[in-house]
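Quick notes on the structure that follows.
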There are 2 protein chains.
Amino acid sequence: MSDRVAKDALFDGFARITKALSSGRRSEIVDLLAQGERSVEEIASEIGQSVANTSQHLQQMLKAGLVGTRRDGNRIYYSLAGGRVLDLWVAVRDVAAEHLAELDSLAAAYLGDRSTLQTVSRAELVDRMRRGDVVVLDVRPEPEFRAGHIAGAVSMPLDELRRKVRGVPKDREVVAYCRGPYCVYADDAVRTLQRRGYRAARLEDGFPEWSRSGHPVENGVDSPAS
Amino acid sequence: MSDRVAKDALFDGFARITKALSSGRRSEIVDLLAQGERSVEEIASEIGQSVANTSQHLQQMLKAGLVGTRRDGNRIYYSLAGGRVLDLWVAVRDVAAEHLAELDSLAAAYLGDRSTLQTVSRAELVDRMRRGDVVVLDVRPEPEFRAGHIAGAVSMPLDELRRKVRGVPKDREVVAYCRGPYCVYADDAVRTLQRRGYRAARLEDGFPEWSRSGHPVENGVDSPAS
DNA sequence: GGAGCATTCAAACATTCACTTGAATAGTCC
DNA sequence: GGACTATTCAAGTGAATGTTTGAATGCTCC
């Protein structure tokens, strides 16, 4: 079979995509870039690596076509190459959650005990927002809110939440969301709110998944609250 | 941030899934197992590797949870762990096709010139089968047909096709399908048929995608032809 | 043009990886 | 039990990978 070498080359091509995701650090980068573009320095500090090392990871991903770049001044902003890349990342997470034996304990070690945390699915949230019996808090850092958020949500980064809890109305249940299913911000917010006597739950995943599934999104200015 | 080490460990966990797919040989294995379970020996010969090496690849995939095993006699059959794994593989292929610069030339090198090949989407095929103006040929090896095929398709492996072309009715267009979008069997069949004066096209992807998207499937015996 | 910044490059290191070879296991069939 | 088969294990090799360190590049702003 003389196609052997061509077939191997083709599948090595597919493998370049998975190789670009096959390091924990690069996975963190994809997860981060799902929130929007970032400079190399921001990415490096977020994943806890040196700038040089981060740059090399980014370049591998760039060669594989997973990310793109935009220059602004002397800063270079990286972003995911397209919606399909997010689909791929979601598929990876799903398969890991479903089939990787030790994932549960890894997640528990990072996220802590989630058993007291109520979660709400996207469909449920849509429903309850329509009925108006829920306050939706975006607990990510404010720039991420500005780059895009659930239509009708209020920006309330964690540190701000702790200072201004009293401002949050207590008559309705609060739903917090953040970057995704493995992001700790919303967990933290829900625990804080529960401690203060609120009824609170977290969205089961985060903003990228909300947006990807075609739900209503806003960006730019702050939205009308409550 | 003391969570750093736990977060890294979690994402290293996700990366174990992509690592399990990050070799061309293992990608070929996933693509093959999408057709159904296979013994180690069958897999080894299909991907052109030694049995020992193939076994080690399979064990990596097993540890990552991508595949499962079943023992029958002293043979061990490997199969994909679940539908989500196929979703993941499809996502990898899609991202590669969309974003990996050199994929086109790799595909062309393996598949040859596809410009004269008509393709039919799944939706179109459903439509045309309903109207009854099309003959659907499954040109994979016969055991794969037996394990599951498009409802209403006729088994016609390539070598058989070359011997029995005359038996194929000429009044309707012929649509051939095989293992997937990067499988050469259907291309080959369409070319053969075109040379003999048939109107022929290939399904744009293959049986696993058909089945995964919930289209009607049969297995076991041969289906009533034409 | 020169200082200052963000990013990339280059070299070096220990580690991991894919594949080979040859031996060891675990099952079947008589 | 013993011959046989399919699969796995173990050790070894050369290549690729992730990270660090320090220098080089390319851009902006004065």
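Just so it is clear: chains get the letters A, B, ... in the order the sequence lines come, proteins before strands, and each one is counted from 1.
You'll find that the side chain of B:Arg75 is closest to D:dA6, out of D:dA6, D:dC27, D:dC9.
Within 6.0 Å of CD in A:Glu102 there are more than 12 heavy atoms belonging to other residues, nucleotides or ligands.
In this structure, A:Asn74 places its CG atom 14 Å from C1' of D:dC30, rounding to the nearest Å. Computed from coordinates, the A:Ile76 CD1 to D:dG26 P distance equals 11 Å when rounded to whole Å. When rounded to the nearest whole Å, the span between CG of B:Asp12 and C1' of D:dG18 equals 11 Å. When the P atom of D:dT17 is taken as reference, atom CG of A:Leu21 falls 15 Å away, rounded to whole Å. Spacing between atom CE of A:Met61 and atom P of D:dT17 amounts to 15 Å, rounded to whole angstrom units. At whole-Å resolution of the value, CD in B:Glu42 and C1' in D:dT5 are 15 Å apart. To the nearest angstrom, C1' of D:dT7 lies 14 Å from CG of B:Asp72. In this structure, B:Ile29 atom CD1 and D:dT7 atom C1' are separated by 14 Å, rounded to whole Å.
In summary, the side chains of A:Asp205 and A:Trp210 do not present any donor paired with an acceptor at a separation below 3.5 Å, with no hydrogens or angles considered.
In terms of phosphate contacts, A:His57 brings a side-chain nitrogen or oxygen within less than 4.0 Å of OP1 or OP2 of D:dT19. Not one side-chain nitrogen or oxygen of A:Arg71 sits closer than 4.0 Å to the OP1 or OP2 atom of D:dG26. Taking only side-chain nitrogens and oxygens, B:Tyr78 never comes nearer than 4.0 Å to OP1 or OP2 of D:dA6.
Salt-bridge annotation for A:Arg38 and A:Glu144: present, with a side-chain N of the basic residue lying under 4.0 Å from a carboxylate O of the acidic one. Under a 4.0 Å N-O distance rule, the pair B:Arg212/B:Glu209 does not qualify as a salt bridge. Ion pairing between B:Arg162 and B:Asp188 holds under the 4.0 Å rule for side-chain N and carboxylate O.
Counting any heavy atom pair closer than 4.0 Å across all strands shown, B:Gln49 reaches sugar-phosphate atoms only and no base atom.
Under a 3.5 Å cut-off, the side chain of B:Glu160 and the backbone N or O of B:Met156 do not form any donor-acceptor pair.
Ranked by how close their nearest DNA chain D nucleotide is to the 5' end, B:Arg38 and B:Gln56 are led by B:Arg38.
Taking a heavy-atom distance under 4.0 Å as the criterion, the stretch of DNA chain C touched by chain B extends 5' to 3' from C:dC17 to C:dT28.
You won't find any donor-acceptor pair under 3.5 Å spanning the side chain of A:Gln60 and the base of D:dT17, going by distance alone.
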One pair to check against side-chain contact (heavy atoms from CB on, under 4.5 Å): B:Tyr185 and B:Leu161. What are the steps and the verdict?
CA-CA 11 Å; B:Tyr185 297 154; B:Leu161 174 66; over 6 Å; no
